[in-house]
2 protein chains.
Amino acid sequence: MKPCILLIEDDSDMRELVAGHLEHGGFDVQRADDGIKGQALALQYGPDVILLDLMLPKVDGLTLCQRLRRDERTARIPILMITALGGTKDKVSGFNSGADDYLTKPFDLEELMVRVKALLRRSERAPLSSKHNEILSFGSLTLVPERLEAIWFDEPVRLTHLEFELLHCLLQRHGQTVAPSLILKEVWGYEPDDDIETIRVHVRHLRTKLEPDPRKPRFIKTVYGAGYCLELPTGDQIAALEPVMREARAARPAQARAKGGQAA
Amino acid sequence: MKPCILLIEDDSDMRELVAGHLEHGGFDVQRADDGIKGQALALQYGPDVILLDLMLPKVDGLTLCQRLRRDERTARIPILMITALGGTKDKVSGFNSGADDYLTKPFDLEELMVRVKALLRRSERAPLSSKHNEILSFGSLTLVPERLEAIWFDEPVRLTHLEFELLHCLLQRHGQTVAPSLILKEVWGYEPDDDIETIRVHVRHLRTKLEPDPRKPRFIKTVYGAGYCLELPTGDQIAALEPVMREARAARPAQARAKGGQAA
DNA sequence: GACACTCCCGAAGAAATCCTGAAGATGTCC
DNA sequence: GGACATCTTCAGGATTTCTTCGGGAGTGTC
């Protein structure tokens with residue numbers, strides 16, 4: 001039985017290119033060229049995965065995504081969003097409408113294939129959001145569990161598993177100081193042990209990846225004798241910080257952030 | 001069991017938008033369109049979180065917030081304040097009247113979600129300052145155990161553990177003279193020893209952080225031969241003192257208050 | 001005013017906590 | 001096995017916080 005994929009994309013060239021590749025890869029592909037038809041087809045066929053372009057006529061991708069999530073019949077279908085990153089912040093912060101993964105144009109067809117298969121695999125073993133596999137967004141930060149990535153001021157930052165969990169833990173308690181014991185329980189699953197040293201190292205790694213100047217943390221603050229506290233910018237602060245972030249990134253080699261991160 | 005949220009907002013469009021999103025996110029939402037109804041519903045339902053708009057007919061948000069805090073039955077419900085103004089002034093005065101978190105319009109619905117969930121999680125947080133976990137407020141002073149901070153005349157002041165405990169101890173006995181032996185027992189856990197010298201130093205630190213002129217204490221007074229006594233301004237005195245505080249802060253380098261405090 | 005007592009100040013030592021850099025340990029992929 | 005990424009552990013140093021101490025100022029009593 002071939003897995004069924006719903007492809008919602010208005011540009012016909014792109015649509016046929018992608019659809020052809022998927023069909024050649026052994027998938028059944030349903031096509032839609034706007035949001036309305038997309039929603040109808042999603043209900044009609046109950047596809048295994050939905051590929052959703054962000055820019056769509058009639059109903060845009062974000063709205064459609066939310067609608068699909070709201071409807072019980074389509075709520076648990078994995079959605080892969082296709083977008084042009086680096087545009088307005090609204091798009092990035094809009095990932096929270098319930099997508100499971102994303103892909104930026106232009107993308108490699110093989111990479112698309114890999115991601116679709118990953119989504120299919122995941123929906124088999126983890127029927128619903130068992131832990132956190134939903135995209136979570138807050139201001140200038142977006143966490144994408146599917147690819148262990150943080151989109152931070154419009155640029156993807158690769159994280160390790162523990163770094164991701166740690167950041168997730170702090171984000172869930174944004175503005176609050178989180179005690180080491182709680183972090184250990186949530187991220188490591190430890191009990192009343194106190195291996196605080198390990199936390200420190202991972203916090204440092206997060207800082208080198210996110211902070212403009214890791215020596216003087218702006219966002220991941222430490223509260224002496226109490227724990228760590230995440231303080232993300234909101235509203236106007238985001239726009240005000242953008243030049244700072246850009247400059248900091250230009251100063252540091254990009255590879256130090258994207259790949260090595262801590263060792264380099 | 002769904003967590004219950006009380007949403008107090010006069011603008012009906014905004015109210016339904018937020019309420020819908022929260023309900024979709026798995027919350028029970030009670031709605032109120034003015035301060036009076038809001039207070040009534042808070043008592044009736046005992047919600048887990050209260051979303052409170054600042055601009056309200058009948059009773060404004062700040063006043064309502066203070067009232068809710070004063071009433072034993074609603075005192076420990078987390079309050080998330082929503083306002084159109086982004087000025088930090090309003091923000092801290094929001095905290096000052098007892099709010100736990102703060103959001104400015106326009107805000108991202110997902111961000112609201114994260115904050116609400118963070119507030120719900122508060123109960124499980126590890127108490128930072130050993131015993132006290134709840135925001136304690138009196139006039140122009142608010143103690144936030146969450147961050148080991150005191151909001152003092154609309155400006156956050158970072159405290160150390162002992163400073164916080166000491167101030168907390170004095171605030172709980174506001175207007176009374178607290179004997180050193182009692183302070184030692186409450187803050188240090190000592191018994192009838194007399195290490196009064198240590199107390200003096202910490203009182204001094206508090207004074208350098210809070211008093212306009214630490215040499216002539218206005219608020220943390222010493223009662224010769226008896227102990228210390230906290231006397232905070234009330235009512236009109238607060239407004240009268242604000243220019244004094246502002247001037248004192250401008251005269252001293254900000255870093256001396258926020259960071260070093262005592263050593264510098 | 002002399003005296004004992006209490007309190008404030010500055011600073012320096014002690015202790016706790018945190019950061020840094022780097023080295024092992026482990027697991028994965030080719 | 002070797003290259004690589006990740007996680008943990010550790011020692012040294014920097015920072016923050018807490019305590020202690022001597023000198024001096026203030027307070028109350030005789």
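The sequence lines fix the lettering, A, B, ..., with proteins before strands; numbering per chain opens at 1.
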query: Rounded to the nearest 0.5 Å, how far does SG of A:C229 lie from CD of B:E149?
result: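 Rounded to the nearest 0.5 Å, the CD-SG separation comes to 8.5 Å.
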Counting only side-chain heavy atoms from C-beta out, which of [options] sits nearest to [X]?
{"X": "B:H161", "options": "D:dC18, C:dA22, D:dT8", "value": "D:dC18"}
{"X": "B:T160", "options": "D:dC18, C:dC18, C:dC7", "value": "D:dC18"}
{"X": "A:E197", "options": "C:dC8, D:dC10, D:dC7", "value": "D:dC10"}
{"X": "A:T222", "options": "D:dT8, C:dC19, D:dT20", "value": "C:dC19"}

In whole Å, I'd like the distance from the [atom1] atom of [X] to the [atom2] atom of [N].
{"X": "B:L148", "N": "C:dA16", "atom1": "CG", "atom2": "P", "result": "18 Å"}
{"X": "B:R204", "N": "D:dG24", "atom1": "CZ", "atom2": "C1'", "result": "13 Å"}
{"X": "B:Y224", "N": "D:dG26", "atom1": "OH", "atom2": "C1'", "result": "7 Å"}
{"X": "B:I220", "N": "C:dC8", "atom1": "CD1", "atom2": "C1'", "result": "14 Å"}
{"X": "B:H205", "N": "C:dG10", "atom1": "NE2", "atom2": "P", "result": "11 Å"}
{"X": "B:R158", "N": "C:dT17", "atom1": "CZ", "atom2": "P", "result": "17 Å"}
{"X": "A:R200", "N": "D:dT16", "atom1": "CZ", "atom2": "C1'", "result": "12 Å"}
{"X": "B:I196", "N": "C:dC8", "atom1": "CD1", "atom2": "P", "result": "10 Å"}

Stepwise side chain to side chain contact (heavy atoms under 4.5 Å, CB included) check, B:M81 with B:C65: CA-CA 9 Å; B:M81 204 167 264; B:C65 187; 3.7 Å; yes
For this session: Report yes if at least one side-chain N or O of B:W188 is closer than 4.0 Å to OP1 or OP2 of D:dT19; otherwise report no.
Result: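 True: B:W188 side-chain N/O within range (under 4.0 Å) of D:dT19 OP1/OP2.
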Side-chain N or O of B:R207 less than 4.0 angstrom from OP1 or OP2 on C:dC8?
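So the side chain of B:R207 is within the cut-off, an N or O lying under 4.0 Å from OP1 or OP2 of C:dC8.
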* Between the side chains of B:Y228 and B:Q176, is a donor N or O closer than 3.5 angstrom to an acceptor N or O? ->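 No pair is found: no donor N or O on one side chain lies under 3.5 Å from an acceptor on the other.
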For A:R215, answer base if it contacts any base atom (sugar-phosphate contacts may also be present), sugar-phosphate if it contacts only those atoms, and nothing otherwise; contact means non-hydrogen atoms under 4.0 Å.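 Touches sugar-phosphate only.
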Stacked cation flag A:R147 on A:Y102, 6.0 angstrom / 45 deg: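 That pair qualifies as a cation-pi contact.
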So, B:E211 and B:R218, do they make that salt bridge, N to O below 4.0 Å?
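Looking at B:E211 and B:R218, the cut-off is not met.
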